[in-house]
Amino acid sequence: SVDETSNASPSHYELQSSVTIPAGEYTGSANLNLNFDEVEAGSSNELIINLDNPSGTIINARGKQTIAYEGVCTQNRVRLDLAFDDYPEETAWFLINSNGQVVADSGGSFGTYADQTSYSENFCLPSGSYTFEIYDQYGDGICCAYGNGSYNLTLVTCEGETNILSGGEFGQLESTPFDL
């Protein structure tokens, strides 16, 4: 059975429901198929499988197996790092593709974050043209009058990291195009 503490989505795997261990033997096998097409890029997952006896009782600690896996970005892995000023609740951001569609955003302001804290998020984006927009409700940016806030958008590859754009000193809105 799949353990209740497993965070793997059922769409990620197909598990054979039973294993027969012949009398006098100590081994058996079951088929497990992982569907990586369903795994979100950058996600960390654990599929925890219990070996249960017919009555449903887990067979000691050795009867529990953990399979850890993560989603891999096969396109452009981009990371946004935000350092907030004294008013994170005034900040929001948008990532817009060349068709004008918002492909990622902050989901509103950062009202639940403490002053002078930071936030990071990873994206898996196809090559193309984009615009990063950052908004400050009060109109004084995120640096420098009320804290040293900043943002960095970084391309992450196996070879290292490349800064795409950065800033923090702007008025109410900064809109910066970039290409991947």
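The structure displayed is predicted, hence computed values, not measured ones.
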Hphob cluster co-occupancy, [X] + [Y], side-chain heavy atoms under 4.5 angstrom:
X	Y	result
Leu180	Trp93	yes
Leu34	Val39	yes
Leu125	Leu155	yes

Answer yes or no: is there a side-chain heavy-atom contact under 4.5 Å between [X] and [Y]?
X	Y	result
Ile142	Glu90	no
Gln101	Ile96	no
Val156	Val78	no
Phe170	Asp136	yes
Tyr130	Val103	yes
Ile164	Thr162	no
Glu161	Arg79	yes
Ser118	Leu82	no

Can you tell me how far apart [atom1] ([X]) and [atom2] ([Y]) are? Round to the nearest 0.5 Å.
X	Y	atom1	atom2	result
Asn99	Ser129	CG	OG	10.0 Å
Asn45	Leu47	CG	CG	9.0 Å
Leu80	Ser166	CG	OG	11.5 Å
Asn35	Ser11	CG	OG	7.0 Å
Leu153	Asp81	CG	CG	9.0 Å
Tyr87	Asp140	OH	CG	8.5 Å

Decide if atom [atom1] of [X] counts as having more than 12 heavy atoms of other residues, nucleotides or ligands within a radius under 6.0 Å.
X	atom1	answer
Tyr138	OH	no
Glu40	CD	no
Gln75	CD	yes
Tyr69	OH	yes

State, without any angle test, whether [X] and [Y] hold a side-chain donor-acceptor pair at a distance under 3.5 Å.
X	Y	value
Ser175	Glu133	yes
Gln116	Asp86	yes
Asn152	Thr154	no
Asn76	Ser127	yes

Answer yes or no: is there a donor N or O on one side and an acceptor on the other, between the side chain of [X] and the main chain of [Y], under 3.5 Å?
X	Y	answer
Asn7	Glu46	yes
Glu25	Thr27	no
Thr66	Ile48	no

Check your understanding: Hey, mind stepping through Arg77 and Asn122 against side-chain contact (heavy atoms from CB on, under 4.5 Å) and telling me if it holds?
Key -> CA-CA 7 Å; Arg77 184 171 169 217; Asn122 290 296; 3.7 Å; yes
Please work out whether the ring planes of [X] and [Y] are parallel, tilted or perpendicular, with thresholds of 30° and 60°.
X	Y	result
Phe110	Phe84	tilted
Phe132	Tyr151	tilted
Tyr119	Tyr113	perpendicular

Next item on the list: I would like to know whether Phe178 and Leu95 meet side-chain contact (heavy atoms from CB on, under 4.5 Å); could you show each step before the answer?
Entry: CA-CA 10 Å; Phe178 66 95; Leu95 190 55; 3.6 Å; yes
Can you name the closest pair of heavy atoms from [X] and [Y] and give their distance?
X	Y	answer
Thr74	Cys124	N-SG, 4.0 Å
Glu38	His12	O-NE2, 3.4 Å
Asp105	Val102	OD2-CG1, 3.7 Å
Gly108	Ala92	O-CB, 3.7 Å
Leu32	Tyr13	CD1-CB, 4.0 Å
Ser109	Glu89	CB-O, 2.9 Å

